[in-house]
Amino acid sequence: MNIWTWLSLIIVVLILLPNVTIFINFFTQEAENWGHIQEFILPDLLKNTSLLMVFTGILSILIGTSLAWLTSAYDFPMKRFFKWALILPLAIPPYIAGYTYNGILNYTGVIQTTLRNRWGMEVDQKYFDILTLPGAVFIFTLFLYPYVYTITRAFLANQSASIIENARLLGRNAWEIYFRIVLPISRGAIVGGVSLVLLEVLNDYGLVQYFGVPTFSTAIFQTWFGMNDLTSAIKLSATLMFIVFGILVLEKVLRGRKKYSYSNAKVRPLTPITLKGGKAWAAFSYSLIVFSLGFLIPFIQLVDWMFLTYDKIASPEFTSLITNSLVVSFIGAAMIVVFAVIIANFARMHHSIVSKSAARVTILGYSIPGAVIAVGISTVFIQIDQVLFGFYDMIGITPTLALSTSLFMLISAYVIRFLAVGYNSIESGFDKVGNKFTEASRMLGMNVTKSFFKVDARMIRGSLVSAFILAFIEILKELPLTLILRPFNFDTLSTKAFQYASDEQIHEASLASIIIVLISGVAIYVFHQVLEKEQN
């Protein structure tokens, strides 16, 4: 076995270790509060989690697929802008969107204030109360639908025009084509996108905690830190992992065995139809409404609050938040790219059960909510620290929990959680260039490592940049892992924004939030440009 094989196996073990630890403890450890949780808390957790997933999934499919089809098949005013602008809601984490919309809609918000002061209207508060389960569905849908939109649009952009044009020649109207052709052939892409949406819903802690909706993430936090019962938190985490595995199995079933491929080698991309008159403005209005609700309105509100509190919040201490966020995001994203390259290169060079298993394990981390990974990795690191106590005594150092209170544990958790993000991008890059150039390099006397750096790395440069950007954005926005695993007195922009919002200092949370949004927005735009260049 070469060094790529050994490195891949080591990475796989590191990813599996926290998850295996959770499962072992679930079946072997006794928990004092587990009986109470099963009887009184677990049913509500299952109910709320199921409702959030079902309604968010349905609405995300409706919005994401309709916008993907609209921007792929038609030309209308400002379409080129909306193609990438409709991805921007991903730049706003749901918990930031949640407290922003609550600030807009509550009694002192801009809407009710305008209605009272300008129009003399008194309104019923229940119509503006967003801190409910339907309100959480509204936020999740608006800020997670881009997963469905981007994946479906990328699929449709690569489809042959003949399929759609033949349907038009047979007299099918736009609605029939959309429901009877576009949705069936896009099923794999749609299921892939909505699976990411559902996994993000399961992972979320900030929004559901702020809205007061009990879910598994909030229960894990409360059990661990409120009841000081790590064992029960582990059992809740294992229960959530069973749900996640159920989602992954359901995804496979829904994708089915049907595959749609080209009937010949001459693939002509779909030529958009130019909409005119009322249809053009209807398409423009629909795109504008979704973009405004999902990005423009909360962004403008955050900017307004930022100007109100900038002098109060801006300080050298706040600068350290930006530095902390950028440092952990950069280091984490760089490690993710390195690990993803190792496993992806190993998987394409060795067509075996081991290589396929390594690839599947890599994707596993993204399927598991952050709170679960935090429980698993902290358990492993605490056990390692306890093993090291004897070594510390032997060399005359005071025993301490060095690893489990370090930044290394947090970054390790980031790598496990988001390795799939980098891997998928790099794997697609390898699939695009194939193996023939690597094989030619090997025939000329270069080994696997030299061939990668001299040939492959240059050919998949766009995929490497995309992997880094996507991982960087995910880490920058991440909340549950950071809240649980950060070292003492170590804050990031996301944790500080959440702390302000939890303390009802919504205006003060705006500066940290707007920086997250701006950095993520710029990164998303760069990613879009790289993607467009790769497709062309």
Side-chain angles (χ1 to χ4, degrees), residues 17-53 93-95 98 133 136 140 198-247 364-383 404-405 409-410 412-414 416-418 477-486 494-495 498-499 501-502:
L17 195 56
N19 304 312
V20 171
T21 302
I22 288 177
F23 277 116
I24 292 174
N25 288 338
F26 177 78
F27 292 106
T28 60
Q29 296 291 326
E30 292 294 329
E32 55 180 329
N33 296 305
W34 182 237
H36 172 81
I37 291 172
Q38 282 182 299
E39 184 175 356
F40 297 104
I41 299 176
L42 195 57
D44 283 339
L45 299 182
L46 291 170
K47 175 186 173 183
N48 292 335
T49 302
S50 300
L51 289 173
L52 284 173
M53 290 169 59
Y95 63 92
L133 192 144
F140 279 135
L198 298 183
L199 293 172
E200 287 294 325
V201 171
L202 285 177
N203 177 63
D204 180 81
Y205 170 74
L207 178 68
V208 290
Q209 194 276 339
Y210 184 71
F211 276 35
V213 179
T215 63
F216 278 91
S217 291
T218 59
I220 290 170
F221 271 79
Q222 291 167 359
T223 304
W224 191 356
F225 298 105
M227 298 181 181
N228 198 27
D229 187 354
L230 178 58
T231 307
S232 293
I234 290 173
K235 290 184 179 294
L236 278 171
S237 301
T239 305
L240 184 53
M241 287 179 70
F242 289 130
I243 295 175
V244 169
F245 291 148
I247 292 174
L364 179 67
Y366 196 73
S367 306
I368 301 172
V372 176
I373 292 177
V375 171
I377 202 166
S378 62
T379 304
V380 170
F381 271 70
I382 289 172
Q383 292 174 348
S404 54
T405 58
M409 181 171 68
L410 176 60
S412 300
Y414 287 149
I416 293 173
R417 174 80 174 91
F418 300 118
K477 299 190 302 179
E478 206 286 328
L479 182 65
L481 279 177
T482 314
L483 279 175
I484 296 176
L485 300 178
R486 61 196 168 121
S494 60
T495 61
F498 177 73
Q499 288 170 3
S502 299

*Asks:* Can you check side-chain contact (heavy atoms from CB on, under 4.5 Å) on I377 and S412, steps first, answer last?
*Replies:* CA-CA 8 Å; I377 202 166; S412 300; 3.8 Å; yes

*Asks:* Calculate, to the nearest 0.5 Å, the distance between atoms CD1 and CG belonging to I243 and L46 respectively.
*Replies:* 5.5 Å

*Asks:* With rounding to the nearest 0.5 Å, note down the distance linking CZ in R486 to OG1 in T495.
*Replies:* 5.0 Å

*Asks:* Let me confirm one number: the CG-CD distance from L42 to E39, rounded to the nearest 0.5 Å.
*Replies:* 11.5 Å

*Asks:* Hey, what do you get for CG (L481) to OG (S378), rounding to the nearest 0.5 Å?
*Replies:* 10.0 Å

*Asks:* Backbone N or O of T482 within a donor-acceptor pair of the E478 side chain at under 3.5 Å?
*Replies:* yes

*Asks:* Which atom names give the shortest non-hydrogen contact between M53 and L198, and what distance separates them?
*Replies:* O-CD2, 3.2 Å

*Asks:* Does a side-chain heavy-atom distance below 4.5 Å link F216 with L236?
*Replies:* yes

*Asks:* Kindly state each residue pair satisfying side chain to side chain donor-acceptor pair (under 3.5 Å) with at least one member in residues 209-219, sequence neighbours excluded.
*Replies:* N102-Y210

*Asks:* For T223 and S232, which heavy atoms make the closest approach, and how far apart are they?
*Replies:* CG2-CB, 3.4 Å

*Asks:* Are the side chains of L479 and P93 in contact, using a 4.5 Å heavy-atom criterion?
*Replies:* no

*Asks:* Is the closest side-chain heavy-atom distance between L240 and L45 below 4.5 Å?
*Replies:* no

*Asks:* Can you confirm whether Y414 sits close enough to L485 that some side-chain heavy atom of one is under 4.5 Å from a side-chain heavy atom of the other?
*Replies:* no

*Asks:* Heavy atoms only: give me the nearest A136-L52 pair and the separation to one decimal.
*Replies:* CB-CD2, 3.8 Å

*Asks:* What are the two closest non-hydrogen atoms of S237 and I220, and how far apart are they?
*Replies:* OG-CD1, 3.5 Å

*Asks:* Which value, rounded to the nearest 0.5 Å, describes the distance between I37 atom CD1 and Q222 atom CD?
*Replies:* 10.0 Å

*Asks:* State, yes or no, whether a side-chain contact exists between L133 and F211 at a heavy-atom distance under 4.5 Å.
*Replies:* no

*Asks:* Which heavy atom in P214 sits nearest to a heavy atom in N48, and how many Å separate them?
*Replies:* O-ND2, 3.0 Å

*Asks:* Any idea which heavy atoms bring V375 and T379 closest together, and the distance?
*Replies:* O-OG1, 2.7 Å

*Asks:* Can you list the residues that meet the ring-ring contact (aromatic ring centres under 6.0 Å, His included) rule with Y205, with sequence neighbours excluded?
*Replies:* F221, F498

*Asks:* For Y95, give me all partners under side chain to side chain donor-acceptor pair (under 3.5 Å), at least two apart in sequence or on another chain.
*Replies:* none

